[in-house]
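Letters A, B, ... are given to chains in the order of the sequence lines, protein chains preceding strands, and every chain is numbered from 1.
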There are 2 protein chains.
Amino acid sequence: MSAGDARSRKRAPGAAYDPRMAERPDPNDHPPRRSFIERARRAQIVEAATQVVAELGYAGTSLARIAEKAEISKSVITYHFENKDEILRLVVSQFFERGWERMSGHVEAESTASGQVRAWIGSQLEFYAEHRAEFLAMSQIMANHRTPEGSPAFAGELTEEVDALTEILQRGQRDGEFRDFDARGVATIILRCADGVLGSWAVDDSTRLVDQIPALLDFVDHAIRR
Amino acid sequence: MSAGDARSRKRAPGAAYDPRMAERPDPNDHPPRRSFIERARRAQIVEAATQVVAELGYAGTSLARIAEKAEISKSVITYHFENKDEILRLVVSQFFERGWERMSGHVEAESTASGQVRAWIGSQLEFYAEHRAEFLAMSQIMANHRTPEGSPAFAGELTEEVDALTEILQRGQRDGEFRDFDARGVATIILRCADGVLGSWAVDDSTRLVDQIPALLDFVDHAIRR
DNA sequence: CTACATTCGGTCCATGCGTACGGAAAAACG
DNA sequence: CGTTTTTCCGTACGCATGGACCGAATGTAG
């Protein structure tokens, strides 16, 4: 019934698809089983998929169009990847990984809580501004990708972000930098605020995102400062 | 080439599809050409489509599933509607119309600018909280629906909202209620802030939206007040 | 040449949107 | 009330696309 329950997967070039791989693409424990060509192809295909999703949207993305964009045949894709789902997950997780890396560096460099909040939002938006296609693809996939049963596939990805920001806000409250408010609720609001600004930039690239950043930082600053 | 350029539309029960109809579903000038049955069917189908989009997402929405949800045959849909596009546009425009009606009432009842801002955000979010499925469907369609050429179909729907809020903010600045800031930029931020909070509610209905409203109102209040 | 990795064209099956057509239901008419 | 005409709706189909897959062809290394 369900396609691919006990498929006799030909001679998989990579291992059979393991959902955990999507979150730990750094195989330090498992030595990199992938050949040079395979790593290059996978990167190329993920890159092409990113562009297609950004241009044509989630619904407009098919293996055929990814292949066309990468100028390869469709079956090269199905040879190197288990299925479409694996590709889309990689688009999202790779983008998150790089963004988080960049952000956490900027945040940890700050000493005050308000500085960390500014660094958080500022570096996040800067990173997105520099990678518009990746951002568009990521948000398209996050918003649309579903499990076979129909529920959103990337539901709980944000809670850890909220947790981290909540901690910063609480520290700022203890140190007297911020006024009194529900830290967790405000953390959610701030993050969603940034998402919102990104949303308007997503549909209209004429709004120069980097120009909006100071305004948003100011806005948040006034909102939480004592 | 393009399908449906000069189709000899069988014996259309309603007139041939006119895009303006989507925005003026109140045919007071044109007497209601639609029969009782037809109006009932159209409402039923739009309602079913709303539920399907909310549950299965934009990509998971097909005429077959809408028909299944409405417990009718697929061709009933294609008989009463020109195509899928017309249905989805109605889902969005009807929701906007009702929401705007509700909001504008609350806003105009306030005299101060800050009161109007609070009324704006508050009534908007309340309305959405009361119509979760419609909201989910609307945002899914807005985010995903594309023209045949691939560009987003609902790009410029927000500018008039921004314009209206900008005017309120500027009045508040003249009256000394608000501090000095770029009114248009902040208007965008505020609206997108609300969208963002709605976004987190969209993926996780356990967050009681109505409980977040006061926090958001406070947040915005502190951010813009002198 | 052999063995294996990679790529291509083409096939298969499911799904999607829209249409054709005939029959039921309702309305119009006698 | 019966008949005709219009409106409405279900079954079946056409045509296109999508994802997955296979066998054959090509490349590559020993």
Side-chain angles (χ1 to χ4, degrees), chain A residues 1-14 16-17 33-42 44-45 49 52-53 56-88 144-146 148 150, chain B residues 1-17 33-45 48-49 52-53 56-68 70-88 144-146 148 150:
Chain A
M1 198 67 39
S2 63
D5 38 17
R7 274 209 312 266
S8 61
R9 185 85 180 107
K10 44 199 177 190
R11 50 197 166 145
Y17 175 62
R33 281 188 297 263
R34 307 202 187 285
S35 72
F36 173 77
I37 287 187
E38 178 144 28
R39 269 178 291 138
R41 279 290 189 211
R42 286 173 66 93
Q44 176 198 26
I45 291 166
V52 172
V53 176
L56 269 25
Y58 179 86
T61 300
S62 66
L63 294 189
R65 278 201 254 264
I66 296 173
E68 189 186 3
K69 172 72 74 180
E71 292 176 329
I72 54 178
S73 129
K74 210 172 48 164
S75 46
V76 179
I77 299 177
T78 58
Y79 176 77
H80 289 285
F81 289 94
E82 188 70 12
N83 50 32
K84 192 181 172 184
D85 180 89
E86 188 190 356
I87 303 173
L88 298 182
N144 289 294
H145 202 53
R146 307 258 170 154
Chain B
M1 200 59 44
S2 65
D5 38 17
R7 274 210 313 267
S8 61
R9 184 87 178 105
K10 45 196 177 190
R11 46 184 174 155
Y17 176 63
R33 282 189 295 264
R34 309 204 185 284
S35 71
F36 173 78
I37 286 186
E38 181 145 25
R39 271 176 291 138
R41 279 291 187 208
R42 285 173 68 91
Q44 175 198 26
I45 290 166
V52 172
V53 176
L56 268 23
Y58 180 85
T61 300
S62 67
L63 295 187
R65 278 202 254 264
I66 297 174
E68 190 186 2
E71 292 178 328
I72 55 179
S73 129
K74 209 176 47 167
S75 60
V76 181
I77 299 177
T78 59
Y79 176 77
H80 289 285
F81 289 93
E82 189 69 12
N83 50 30
K84 192 180 172 184
D85 181 270
E86 187 189 357
I87 303 174
L88 297 182
N144 290 294
H145 202 53
R146 308 258 169 152

For this session: Would you sort out whether B:H80 and B:R39 count as a side chain to side chain contact (heavy atoms under 4.5 Å, CB included), showing the intermediate values?
Result: CA-CA 9 Å; B:H80 289 285; B:R39 271 176 291 138; over 6 Å; no

For this session: For A:I66 and D:dA20, give me the distance from atom CD1 to atom C1', rounded to whole Å.
Result: 14 Å

For this session: Write down the distance between CZ (A:R65) and P (D:dT17), rounded to a whole number of angstrom.
Result: 9 Å

For this session: Tell me what B:S62 touches on the nucleic acid: a base, only sugar-phosphate, or nothing, going by heavy atoms under 4.0 Å.
Result: sugar-phosphate

For this session: Evaluate the side chain to side chain contact (heavy atoms under 4.5 Å, CB included) criterion for residues A:H145 and A:D85: first the C-alpha distance (whole Å), next the side-chain angles of each, then the deciding distance (0.1 Å), finally the verdict.
Result: CA-CA 9 Å; A:H145 202 53; A:D85 180 89; 2.6 Å; yes

Problem set entry | For the student: nearest non-hydrogen atoms of A:T61 and A:I66, plus distance | CG2-CD1, 3.9 Å

For this session: Could you tell me the separation between the CG atom of B:L56 and the C1' atom of C:dG16, rounded to a whole number of Å?
Result: 14 Å

For this session: Rounded off to whole Å, could you give me the CD1-to-C1' distance for the A:I87 and D:dG19 pair?
Result: 11 Å

Seminar exercise, completed: Between CD1 of A:I45 and P of C:dT6 the distance, given in whole Å, is 12 Å

Exercise. Taking OP1 and OP2 of C:dA5, is either one under 4.0 Å from a side-chain nitrogen or oxygen of A:R41?
Worked result: no

For this session: Could you tell me whether B:S75 contacts a base, only the sugar-phosphate backbone, or nothing, with contacts defined as non-hydrogen atoms closer than 4.0 Å?
Result: base

For this session: For the side chain of B:Y79, starting at C-beta, report the closest nucleotide among D:dG10, D:dT7, C:dG18.
Result: D:dT7

Problem set entry | Close side-chain approach of B:R41 and B:I72, heavy atoms under 4.5 Å | yes

Problem set entry | Nearest-angstrom distance from the residue atom CD1 of B:I77 to P of D:dG10 | 10 Å

Exercise. Considering only side-chain heavy atoms of A:L63, which listed nucleotide, D:dG19, C:dG16, C:dT7, is closest?
Worked result: D:dG19

For this session: For A:E71 and C:dT7, give me the distance from atom CD to atom P, rounded to whole Å.
Result: 14 Å

Exercise. Taking the nucleotide of DNA chain D with the closest heavy atom to each, which residue, B:V76 or A:K74, is nearer the 5' end?
Worked result: B:V76

For this session: For the pair A:K84 and A:L63, evaluate side chain to side chain contact (heavy atoms under 4.5 Å, CB included) and give the outcome as yes or no after the intermediate values.
Result: CA-CA 7 Å; A:K84 192 181 172 184; A:L63 294 189; 4.1 Å; yes

Problem set entry | From D:dC9, C:dT6, C:dG9, nucleotide with atom closest to A:H80 side chain | C:dT6

Exercise. Rounding to a whole Å, what distance do you find between A:K84:NZ and D:dG18:C1'?
Worked result: 8 Å

